[in-house]
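Worksheet: the structure to be examined is printed underneath.
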Amino acid sequence: MDIKSIKNEVDSEENSEPAKKRKISDSEIKQEAPEQKILALVEEYSSEEEYRYDDEPKIDRSRSCPYLDTIKRSVLDFDFEKLCSVSLSHLNVYACLVCGKYFQGRGKKSHAYTHSVEINHHVFLNLRTLKFYCLPDNYEILDSSLEDITYVLNPTFKKNHIAELSTSSKLSRAYDSTTYLPGIVGLNNIKANDYCNVVLQALSNIPPLRDYFLREENYSHIKRPPGDIMILLTQRFGELIRKLWNPRNFKAHVSPHEMLQSIVLCSRKRFQITVQGDPLELLAWFLNSLHVALNGTKKKSSSIITETFQGEMKIYSRKVPNPELPEEEKVKLLDLPEYQETMQKSPFLYLTLDLLAAPLYKDEQEQNIIPQVPLFNLLAKFNGLTEKEYKGKRDFTMKKFELTRLPPFLIFYIKRFTKNLFFIEKNPTIVNFPVKNIDLAEFVAADADIKDTCYDLVANIVHDGDPNIGKGTYRVYILHQGSNQWYEMQDLHVSDILPQMITLSEAYIQIWAQRKGGKEYAFSNEMQAKAKSDGVKMEI
């Protein structure tokens, strides 16, 4: 929106007969220059001081509004973008608390004022200032009974509340009397965003990431270059995390509409909500983008992303001559420096595990054979001995991998899909893995100083059905740490599940939590003692 259109929009509300207003010219706006000052000026026009009528009697009605009983909390939904339903403007937007629609302005010619007169709806909430107003009488409403509405719009968490999230299993009750567990909340599927939902639900249950984004002051002060839109990701992700963990929601599910819109915008439409994508591609892009938006650098633990997920490995590489070359040329090439083995250290956010090719033949009952493979067979790729071949245009490169640093939360990507010129093929191999206490000590380099090598599974994203775009579906298994209970989540569907059932699915992305000193991540020593005194058995 240019300066002239902003001024026209402001002047349209200025003509609503306010008592006293400061006039402004185009030249004055240009002299004050920065876009932030112009927006601040617009906010000044649209603030609560704007609409004071000369003929209003000076009576304090703020604490005795007769229309509070018309508010319908069941229709209120603050998950969608804060745009006026008439003008589609995002400036000075109010929510009608009777029908739930959004309208711009509060002046006598504004959309909110017109709505209040025509439809006879009188209670409105300013979505930016969180103040309540009665229209068309135009006075602010002060009533403690409205605090639940402002909390749903903008949940806030204190440090002591956040500290209890990993140990609490208390159910919350929504306005429609349905119960839900904070953090284990369904997400709406707008059309084909199930691949986004599973990633967001998994990340929202990673304690360090959750605790960081529940406190807005952790990232609200971060400064980015002018015009940078990546900061929008942090704001929207923080809002989504707070809504998912809100113990006082009006409904037992959340719509990720604003979060998804920011993903579409910041990825330049690489990821869509109308076309299914790959959760792994989204996860990799999302973590890297959040790292950049939080002013992260290449240094270790420069942001909450690298501090939580980044590990390090040694990569041993050696070139191999083309097998079609004569033997004499191969011998000569092997003496060259570029064909000698080299080693470099490389950081990683996730580890790729390669599945063996599925068998082409059927069994005696004419059924397709679905092979099974232990997780440790796939992890052998990182033992420093197993070589993997990478084909180049002219040469082959043999690589070996060895882990030198393990992150608090380790992500495994099980490579199931291969693309050819015509369609996508899926490897249905079942990966067998323990849900608790896998030890990665044999995959750690000898010179690496790593004490805690045991991990427990906390999230498991699986794929079902046809691998081609738009035909299969994604779901996620998540461990709620407070109750030590596993849940299956697929969009709005949420149900508890036995941990033995998790290993039967086609695992695609897994997140493992590191045990500290042999203890599970979720449970502190105090909680262990309390559970023991209560007679609760907790597997360690």
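Position 1 is the first residue of the sequence; numbering continues from there.
- Formation of a donor-acceptor pair under 3.5 Å by the Arg215 side chain with backbone atoms of Phe157 is found in this model.
- Nearest heavy atoms, Ala95 versus Leu127: CB-CD2, 3.8 Å.
- A 4.5 Å side-chain heavy-atom check between Asp79 and His257 finds every atom pair outside the cut-off.
- When the salt bridge (Lys or Arg N to Asp or Glu O under 4.0 Å) test is applied to Arg248, no partner is found at least two apart in sequence or on another chain.
- Residue pairs meeting the salt bridge (Lys or Arg N to Asp or Glu O under 4.0 Å) criterion with at least one partner in residues 144-173, sequence neighbours excluded, are Arg73-Asp148.
- Leu130 and Thr150 make their closest contact through O-CG2, 3.9 Å (heavy atoms, listed as atom of the first residue, atom of the second, distance).
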Verdict with supporting geometry, Lys251 and Asp77, side chain to side chain contact (heavy atoms under 4.5 Å, CB included):
CA-CA 9 Å; Lys251 54 188 186 304; Asp77 189 348; 3.5 Å; yes

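- Taking the side chain as every heavy atom from C-beta outward, Gln104 and Val86 never approach each other to under 4.5 Å.
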Set out, in order, the CA-CA distance, both residues' side-chain angles and the distance that settles side chain to side chain contact (heavy atoms under 4.5 Å, CB included) for Leu209 and Phe309, then state yes or no.
CA-CA 10 Å; Leu209 204 62; Phe309 296 109; 4.2 Å; yes

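- Within the 3.5 Å criterion, the main-chain N or O of Gln481 finds no donor-acceptor partner in the side chain of Asn484.
- Between His161 and Pro247 there is a side-chain heavy-atom pair separated by less than 4.5 Å.
- The OG atom of Ser289 sits 9.5 Å away from the CD1 atom of Ile229 when rounded to the nearest 0.5 Å.
- Rounding to the nearest 0.5 Å places CD of Gln272 at 11.5 Å from CD1 of Ile263.
- With rounding to the nearest 0.5 angstrom, the CG atom of Leu290 is 8.5 Å from the OG atom of Ser303.
- The closest side-chain donor-acceptor pair between Ser116 and His122, if any, does not fall under 3.5 angstrom.
- Formation of a donor-acceptor pair under 3.5 Å by the Gln310 side chain with backbone atoms of Tyr350 is not found in this model.
- The minimum heavy-atom distance between Arg242 and Pro155, with the atom names listed, is CD-O, 3.2 Å.
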Go through it in stages, so that I can follow the logic: the residues are Ser204 and Arg210, the test is side chain to side chain contact (heavy atoms under 4.5 Å, CB included), and I'd like the CA-CA distance, side-chain angles, deciding distance and then a yes or no.
CA-CA 6 Å; Ser204 67; Arg210 174 201 66 199; over 6 Å; no

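- Here the side chains of Cys196 and Leu282 are in contact, with some heavy-atom distance below 4.5 Å.
- Legend: residues meeting side chain to side chain donor-acceptor pair (under 3.5 Å) with Ser220, ordered by chain and number and at least two apart, are absent.
- Counting heavy atoms from C-beta on, the side chains of Trp245 and Asn205 come closer than 4.5 Å.
- Asn197 contributes a side-chain N or O that, together with a main-chain N or O of Asn188, makes up a donor-acceptor pair within less than 3.5 Å.
- Asn246 places no side-chain N or O within 3.5 Å of a backbone atom of Asn154 that could act as its donor or acceptor partner.
- Shown here are the side chain to side chain donor-acceptor pair (under 3.5 Å) partners of Asn295, two or more places apart in sequence or in another chain: Arg224.
- Among residues at least two apart or in separate chains, ring-ring contact (aromatic ring centres under 6.0 Å, His included) pairs with a member in residues 473-498 are His463-Tyr474.
- Counting all heavy atoms, side chain and backbone alike, Leu440 lies closest to Val444 at O-CG2, 3.3 Å.
- Nearest heavy atoms, Leu187 versus Leu200: CD1-CB, 4.2 Å.
- Annotation: the span from Gln235 atom CD to Leu232 atom CG amounts to 6.0 Å, rounded to 0.5 Å.
- A donor-acceptor distance shorter than 3.5 angstrom exists from the side chain of Thr503 to the backbone of Gln500, with no hydrogens or angles considered.
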What do the steps show when you test Ile141 against Leu68 for side chain to side chain contact (heavy atoms under 4.5 Å, CB included), and what is the final call?
CA-CA 9 Å; Ile141 303 172; Leu68 294 184; 4.0 Å; yes

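- Of the residues Asp456, Asp439, Asp452, the one that meets the salt bridge (charged side-chain N to carboxylate O under 4.0 Å, His left out) test with Arg515 is Asp456.
- By the ring pair (Phe, Tyr, Trp, His ring centres under 6.0 Å) test, Phe237 is found to be paired with Phe213, Phe286, residues two or more places apart in sequence or in another chain being considered.
- Atoms CD1 and CD, from Ile461 and Glu506 in turn, are 14.5 Å apart once rounded to the nearest 0.5 Å.
- In this structure, Phe443 has no ring pair (Phe, Tyr, Trp, His ring centres under 6.0 Å) partners at least two apart in sequence or on a different chain.
- Cation-pi geometry between Arg106 and Phe124 is not met: the NZ or CZ atom fails to fall both under 6.0 Å from the ring centre and inside 45° of the normal.
- Taking Phe433 as the reference, nothing meets the ring pair (Phe, Tyr, Trp, His ring centres under 6.0 Å) condition, with sequence neighbours excluded.
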Donor-acceptor contacts, no H, no angles, side chain residues 403-413, under 3.5 Å, sequence neighbours left out:
residue : atom : partner : partner atom : Å
Thr404  : OG1  : Glu312  : O            : 3.1
Thr404  : OG1  : Glu312  : OE1          : 3.2

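- To the nearest 0.5 angstrom, Leu265 atom CG is 8.5 Å from Met230 atom CE.
- A heavy-atom distance below 4.5 Å is found between the side chains of Leu287 and Leu283.
- Side chain to side chain, Trp512 and Gln510 meet the donor-acceptor criterion of an N or O pair below 3.5 Å.
- For the pair His291 and Ser302, the minimum side-chain heavy-atom distance is below 4.5 Å.
- Side-chain atoms of Lys101 never come within 3.5 Å of backbone atoms of Leu97 as a donor-acceptor pair (strictly under, hydrogens ignored).
- The two residues Leu492 and His253 have their closest heavy-atom pair at CD2-CB, 3.6 Å.
- When atom types are taken as modelled, the side chain of Ser85 and the backbone of Tyr102 share a donor-acceptor pair closer than 3.5 angstrom.
- In terms of the side chain to side chain donor-acceptor pair (under 3.5 Å) criterion, His221 has no residue partners (sequence neighbours excluded).
- In this structure, Arg475 does not pair ionically with Asp194, as no charged nitrogen and carboxylate oxygen lie closer than 4.0 Å.
- Partners of Asp69 under the side chain to side chain donor-acceptor pair (under 3.5 Å) rule, at least two apart in sequence or in another chain, do not exist in this structure.
- No donor-acceptor distance shorter than 3.5 angstrom exists from the side chain of Ser168 to the backbone of Leu165, with no hydrogens or angles considered.
- Between Trp285 and Phe271, the distance separating the two ring centers is shorter than 6.0 angstrom.
- Looking only at distances, a side-chain donor or acceptor of Ser89 sits under 3.5 Å from a matching main-chain atom of Leu91.
- Put simply, the side chain of Cys99 does not reach to within 4.5 Å of the side chain of Val75, judged on heavy atoms.
- For Tyr151, the ring pair (Phe, Tyr, Trp, His ring centres under 6.0 Å) criterion is met by no residue, not counting sequence neighbours.
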